[in-house]
Amino acid sequence: MTTNLLDNLNPAQRQAVEVKDGPVLVIAGPGSGKTRVLTSRVAYLLEVRQVFPYRIMAVTFTNKAAREMRERLNKIVGASRGSDVMMGTFHSICARILRRDAPAAGLDRDFTIYDSDDQLKVVKSALDALNLDDKKYKPAAMQNAISTAKNELITPQDLKIETYYSEIVKRVYEKYNAILRTNNALDFDDLLMESVRLLQNSQAVREKMQERYLHVLVDEFQDTNISQYNLVNMIAGRHRNLFCVGDPDQSIYKWRGADYRNVKRLQTDHPDLEVVALDQNYRSTQTILDTAMAIIKKNPNRTHIKLFTEKGPGPKIVVRELSSADDEAQYVIDTINELINQKAAIAGDIAVMYRTNAQSRAIEEAFVRAGMPYKLVGATRFYARKEVKDVLAYLRIVNNPADSVSLQRVINVPARGIGDKSFATLDETARAAGITAFEALKQNKMTGRSIKALAEFATLWQKWVNLRDEMNVGRLFDQIITDSEYREYINDNTEEGNDRWANVLELREVALAAGDAPLSDFLNDVALVSESDNLEETVNAPVMLTLHAAKGLEFRCVFIVGLEEGILPHSRSLENPEEMEEERRLMYVGITRAKERLYLLRAFQRSTWGRSDIAAPSRFLEDLPPALLDGKVRKNSAVLSNVTAWRVETTPALGSFNRATEFKPGDSVYHQKFGEGIVQRSIRQRDDEEVEVTFNDGRTRRLSAGISGLKKL
DNA sequence: CTTGCTACTCTTTTT
DNA sequence: GAGTAGCAAG
């Protein structure tokens, strides 16, 4: 079996798979078969090197990747052995470590995992407890600051205070952590950070782990953050068999704390690091590959890998400019139909990719209009839906009665006469007594109007807690739905109500599938599912997904829509060169998903915030090699003043943006700080005007006409 | 305590 | 333009 597997590899891949023990970094370009190499390496360790499965840890980027790897492995080396390999995402592996060694980590093993929604609520109550104004200190910004700190393993105590604002962050962070702790909850970042702390603080656990894991393998290494790096580096600290696979050019999660410098760090920490490069691409045509390289080579500070393929040139890259987002969507639909009719592809071969989830709407509507099936990754995520979160919150308070965020969510859903006030009193009473709300209810500590309703709720809650270990998740689910009369609450016979109930039933299926697994395992898995995990492969329909979600996937035909300045690259990165490089890598990731056909689309006019807006073509379009294109790219866009020219030429009837503005595209202007510049566009705001100006320093800034003191020259 | 209305933010990207 | 937070009335 194994010999077969190795025979199917090319020399470079084979070299990577059979590399000697010790620290290894495989730099693998897109489509070079890195997942295959990783899987083969594990199989090789099991079969040839006779390593016991439980002594191998393999970290993948998504649960889906772990599942696929396990399936492939089981085919190669036999069912049980593949399953005994410790495999999963960083988050799921950390959750497992923390539950197993909960006492050493100072945790209760039934801790709840809070998602970003829950996190925001905790931030809000922290702000509330500290008497801070959430208008002045935006909860989302606070959450972001806390998350960034945690990803860098910075505790509240270690947080540097440089400004008044950072002093506030520190206090909120402290309070936030305290609330998580009383709720017996961890957020996503805690899973990583607490695992690192556990290994640092407990010699016994550390040595146990270090001894056990003879081999540690990490996929998508370029997107690991500091705590993830520390974690694997520590676990591999004894045997030093750290096998990392990654591609710096595909690093697209910097905003989430990923630090591509981990590649450098790996080299510094392991002078004997063996580096293997995989530069043959097996996925794409030469045309697609050349296009991708033309894009990525504009990034400075990169070590050039020259990718090559033995596939032929294939069709040219189709570049089209449509008049609106709706036209763009229609073009996608029409082209998909054409491809299918001409038998150039089947529906399932096709993907439509975009920068922001908001863009999916126009495409989705076009699919619906055409009566065509489609698959949508992300957007309104299933587990973010109110009804799904409600039912999960019920299960969460049963599993972990200290979870006050979940309690607040369901204590009055459906309405049972326990309002915000009653909940606040309950929370207060419990906190004053140093007990959980659950215990406070049991001890009948409550007084006041809602006492009866509270007592009834307490009875139900106690009943479910008693049932927790007697019933499996599916039966408990049904019991809670019945007792809480949730169905009557949600299913009001409107279309929306039916939809919501259908979602509850879908969740029920997941609960039933859990079988006799403990409730805490079920909740754990549900908290850590990722967007692309639910991608149904057996359904033959085009997929819609963000460029980020497309990582690691491949399709015969790829449409990338919204190639406009402000969308891709996103407006938030226009000012920051590092972020701009990441946008470029995102574009690169998108292009390299395509095996045969690539369509790059943009719209002249796109409505955001209900307002129609002219969009300049993406700078990335200008970097495409013209000889490889079917279609023309208009030059000079973002930074130039001929906005007016193509506006007249191509969009005859766009009345909406001819609102009276003081500044017009092309106007020469002067600003006290930035000097002279040219107006790109101007948008009428309520009682001001937002002017986009490209100054002589080459940078484009958005200014308020009213406040900035911008003058016409 | 609930319901319904108004005002206001908001869009990157996700485990 | 939409979803939600906050507020007033029932």
Side-chain angles (χ1 to χ4, degrees), chain A residues 59-66 88-95 113-121 124 134-135 138-141 143-144 147 150-151 186-193 220 223-225 227-228 251-258 353-361 377-381 383-384 386 411-424 448-450 453-454 524-533 545-551 562 566-574 576 579-580 582-583 585-587 589-590 606-612 686:
Chain A
V59 189
T60 57
F61 197 71
T62 61
N63 292 309
K64 183 167 167 261
T89 61
F90 270 109
H91 288 86
S92 64
I93 287 176
C94 286
I113 299 168
Y114 278 179
D115 65 15
S116 16
D117 229 44
D118 306 319
Q119 283 175 44
L120 214 54
K121 286 181 183 162
K124 280 178 190 159
D134 67 358
K135 293 245 162 49
K138 290 265 186 301
Q143 184 200 356
N144 205 25
S147 175
K150 286 188 175 182
N151 281 324
L186 296 181
D187 65 21
F188 282 132
D189 307 312
D190 280 337
L191 291 175
L192 307 172
M193 186 173 181
E220 305 286 6
D223 279 323
T224 51
N225 64 28
S227 45
Q228 289 164 342
S251 157
I252 53 173
Y253 280 96
K254 188 180 181 307
W255 53 273
R256 199 170 80 180
M353 302 176 186
Y354 34 80
R355 177 67 234 266
T356 67
N357 280 308
Q359 290 169 259
S360 68
R361 198 179 191 141
V377 178
T380 26
R381 302 144 66 191
Y383 287 101
K386 179 194 170 343
I411 197 166
N412 201 32
V413 174
R416 45 174 79 87
I418 308 171
D420 288 347
K421 195 105 184 234
S422 304
F423 175 77
R449 195 142 300 186
S450 53
L454 282 167
N524 183 75
D525 293 349
V526 156
L528 297 177
V529 290
S530 61
E531 293 293 338
S532 52
D533 284 349
L545 74 181
T546 63
L547 289 162
H548 282 90
K551 173 162 138 151
I567 305 273
L568 180 62
H570 195 268
S571 53
R572 298 276 258 245
S573 37
L574 294 178
N576 181 329
E579 284 177 31
M580 183 56 76
E582 184 144 310
E583 297 291 308
R585 290 194 292 268
L586 202 48
M587 174 80 180
V589 167
R606 184 174 297 272
S607 33
T608 26
W609 278 294
R611 183 175 277 124
S612 239
R686 213 153 293 172

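Residue numbers begin at 1 in each chain, while the letters A, B, ... track the order of the sequences. Predicted model, so just to flag it, every value in this text is computed and none were measured.
Remark: A:Ser571 is not in phosphate contact with B:dT11, judged by side-chain N or O atoms under 4.0 Å from OP1 or OP2. Side-chain nitrogen and oxygen atoms of A:Asn357 include at least one within less than 4.0 Å of the OP1 or OP2 phosphate oxygen of B:dT14. In terms of phosphate contacts, A:Thr546 brings a side-chain nitrogen or oxygen within less than 4.0 Å of OP1 or OP2 of B:dT14.
Spacing between atom NE2 of A:His91 and atom C1' of B:dT15 amounts to 4 Å, rounded to whole angstrom units. Nucleotide B:dT14 holds its C1' atom 13 Å from the CG atom of A:Asp117, rounded to whole Å. Spacing between atom CZ of A:Arg256 and atom P of B:dT14 amounts to 9 Å, rounded to whole angstrom units. Between the P atom of C:dA2 and the NZ atom of A:Lys386 lies a distance of 21 Å, rounded to the nearest Å. In this structure, the CG atom of A:Asp190 is 18 Å from the P atom of B:dT15, given to the nearest Å. In this structure, the CZ atom of A:Phe188 is 8 Å from the C1' atom of B:dT14, given to the nearest Å. Between A:Glu583 atom CD and B:dT13 atom P there is a gap of 11 Å when expressed in whole angstrom units. Protein atom CZ of A:Phe90 is 16 Å distant from nucleotide atom C1' of B:dT14, rounded to whole Å.
For the ring pair (Phe, Tyr, Trp, His ring centres under 6.0 Å) test, no residue two or more places apart in sequence or in another chain qualifies with A:Phe423.
In this structure a side-chain-to-backbone donor-acceptor pair under 3.5 Å is missing from A:Asp187 to A:Ile113. The backbone N or O of A:Lys254 sits less than 3.5 Å from a side-chain atom of A:Glu582, completing a donor-acceptor pair. Between the side chain of A:Asn357 and the backbone N or O of A:Thr546, no donor-acceptor pair lies under 3.5 Å. A:Asp118 contributes a side-chain N or O that, together with a main-chain N or O of A:Asp115, makes up a donor-acceptor pair within less than 3.5 Å.
Place A:Gln119 and A:Lys138 on DNA chain B by their nearest nucleotides, and A:Lys138 ends up nearer the 5' end.
Set against B:dT11, B:dC1, B:dT13, the side chain of A:His548 has B:dT13 as its closest nucleotide. Of the candidate nucleotides B:dC1, B:dT13, C:dA5, C:dA5 has the atom lying nearest to any side-chain atom of A:Lys124.
Relative ring orientation between A:His548 and A:Tyr253 is described as perpendicular, the plane-to-plane angle rising above 60° on a 0-90° scale split at 30° and 60°.
Considering only heavy atoms from C-beta on, A:Leu545 comes within 4.5 Å of A:Met353 through its side chain.
Rounded to whole Å, the separation between the C1' atoms of B:dT11 and C:dG6 comes to 23 Å.
A distance cut-off of 5.5 Å between ring centres, combined with a plane angle under 30°, leaves A:Tyr253 outside any stacking arrangement with the base of B:dT14.
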Show each protein N/O and nucleotides 2-7 of chain B N/O combination with a separation under 3.5 Å, one pair to a line.
from  : atom 1 : to       : atom 2 : distance (Å)
B:dT2 : OP1    : A:Asn412 : OD1    : 3.4
B:dT2 : OP1    : A:Asn412 : ND2    : 3.2
B:dT2 : OP1    : A:Gly417 : N      : 3.3
B:dT2 : OP2    : A:Asn412 : ND2    : 3.0

